[in-house]
Amino acid sequence: MKEINISTTIIVFNAINELPSKIQSLMNLAIETRKNAYAPYSKFRVGAAILLDNGKVVLGSNQENAAYPSGLCAERVAIFQAGAIYPNAKIVKLVITAASDTNPTLSPIPPCGACRQSIAEYEFKQDSPIEIYFMGESGEVYQSNSINNLLPLSFNNTSL
């Protein structure tokens with residue numbers, strides 16, 4: 001028997017104004033995009049902005065459906081849109097912000113499991129890390145330099 005120790009490193013910014021200016025701009029786009037979320041059931045709005053290596057920015061907001069599994073999270077909306085419109089571009093940065101219509105969301109909200117798997121797929125496909133920043137509606141912003149910090153031991157096509 002052996003033991004495997006997995007460690008994660010997250011950088012914490014106290015507020016959006018501590019972020020590098022380029023990331024602040026992306027986060028502000030994500031905050032604006034969050035307002036476009038279609039969230040009549042959960043009342044939980046998420047916005048995402050992706051910076052590609054070609055300089056383009058792709059946005060996404062969560063889109064719910066009465067048949068819950070049919071909806072999509074903001075991160076996957078943005079990732080899949082980037083893959084469809086710019087199939088050869090690499091995702092360099094992904095920023096995420098979440099807010100509830102009913103309760104204050106003051107702590108950073110990370111991607112859900114399905115979104116982590118989708119991010120991992122693109123990170124593996126492009127063979128380079130995706131820098132991820134996430135926050136609630138205000139307060140601290142967390143930064144991960146790769147999805148590997150949020151999804152260690154990820155599943156990819158080498159497992160098939």
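All residue numbers refer to positions in the sequence shown, counting from 1.
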Which residue, L29, L26, I79, V57, forms the side chain to side chain contact (heavy atoms under 4.5 Å, CB included) with I50? I79
Linking I/L/V/M/F/W/Y whenever any side-chain heavy atoms sit under 4.5 Å apart, do I23 and I16 land together? yes
Is it the case that one hydrophobic cluster holds both L59 and Y38, taking links as side-chain heavy atoms less than 4.5 Å apart, direct or via other members? no
Straight-line distance of Q63 CD to R76 CZ, nearest 0.5 Å: 12.0 Å
Drop me the distance from N157's CG to E121's CD, to the nearest 0.5 angstrom. 6.5 Å
If we only count heavy atoms from C-beta on, is the P111 to I96 side-chain gap below 4.5 Å? yes
In the structure I gave you, are the side-chain heavy atoms of S118 and E75 within less than 4.5 Å of one another anywhere? no
Examine distances only and state if a side-chain atom of T97 and a backbone atom of G136 form a donor-acceptor pair shorter than 3.5 Å. yes
Heavy-atom closest contact (K22 atom, L51 atom, distance): CE-CD2, 3.9 Å
May I have the list of side-chain donor-acceptor pairs in residues 83-92 shorter than 3.5 Å, sequence neighbours left out?
residue, atom, partner, partner atom, Å
K90, NZ, Q126, O, 3.4

Under a 4.5 Å cut-off applied to non-hydrogen side-chain atoms, are T158 and F124 in contact? yes
Nearest atoms (heavy-atom pairs only) where A78 meets A48: CB-CB, 4.3 Å
Polar side-chain atom of S70 near backbone of A66 as donor-acceptor pair, under 3.5 Å: no
I'd like to check I132 versus I147 (side-chain heavy atoms, cut-off strictly below 4.5 Å). Are they in contact? yes
Just by modelled atom types, is the G60 backbone N or O under 3.5 Å from a matching donor or acceptor in the T33 side chain? no
Quick one: NZ on K93 to OH on Y133, what's the gap to the nearest 0.5 Å? 5.0 Å
Residues V46 and A98: closest non-hydrogen pair is CG2-CB, 3.9 Å
If we only count heavy atoms from C-beta on, is the P129 to E123 side-chain gap below 4.5 Å? yes
Pair V58-L52, side-chain contact (heavy atoms from CB on, under 4.5 Å): steps then yes or no: CA-CA 8 Å; V58 179; L52 301 174; 3.9 Å; yes
Answer whether the closest heavy-atom distance between the side chains of E131 and Q143 falls below 4.5 Å. yes
N/O donor-acceptor pair under 3.5 Å between E64 side chain and Y41 backbone: yes
Could you tell me whether a side-chain N or O of S100 sits under 3.5 Å from a main-chain N or O of T105, the two making a donor and an acceptor? no
Take atom CG of L160 as the centre, draw a 6.0 Å sphere, and report whether it contains more than 12 heavy atoms from other residues, nucleotides or ligands. yes
Distance (rounded to the nearest 0.5 Å) between Y122 OH and D127 CG: 16.0 Å
With side-chain contact (heavy atoms from CB on, under 4.5 Å) as the criterion, how do E18 and V141 come out once you've worked through the C-alpha distance, each side chain's angles and the decisive distance to 0.1 Å? CA-CA 9 Å; E18 287 188 2; V141 181; over 6 Å; no
With a 4.5 Å limit on heavy-atom distance, are the side chains of L150 and I119 in contact? no
What about I130 and I109, same hydrophobic cluster or not, with Ile/Leu/Val/Met/Phe/Trp/Tyr joined at side-chain heavy-atom distances under 4.5 Å? yes
Is there a path of hydrophobic side-chain contacts, each under 4.5 Å between heavy atoms of I/L/V/M/F/W/Y residues, joining I31 to V95? yes
Within the supplied structure, the quantity of interest is the number of heavy atoms (other residues, nucleotides, ligands) at a distance under 6.0 Å from K125 NZ; does it exceed 12? yes
If you look at every heavy atom in C112 and C73, which pair is closest and at what distance? SG-SG, 3.8 Å
Got N14 and E140 here, is their nearest side-chain heavy-atom distance under 4.5 Å? yes
Determine whether a donor-acceptor pair (N or O, by modelled atom type, separation under 3.5 Å) exists between the side chain of N62 and the backbone of F44. yes
List for me each residue that meets ring pair (Phe, Tyr, Trp, His ring centres under 6.0 Å) alongside Y142, sequence neighbours excluded, and say none if there are none. F134
Measuring from E137:CD to D101:CG, what's the distance to the nearest 0.5 Å? 9.5 Å
Are M135 and L106 connected in the hydrophobic side-chain network, where two residues link if heavy atoms are under 4.5 Å apart? no
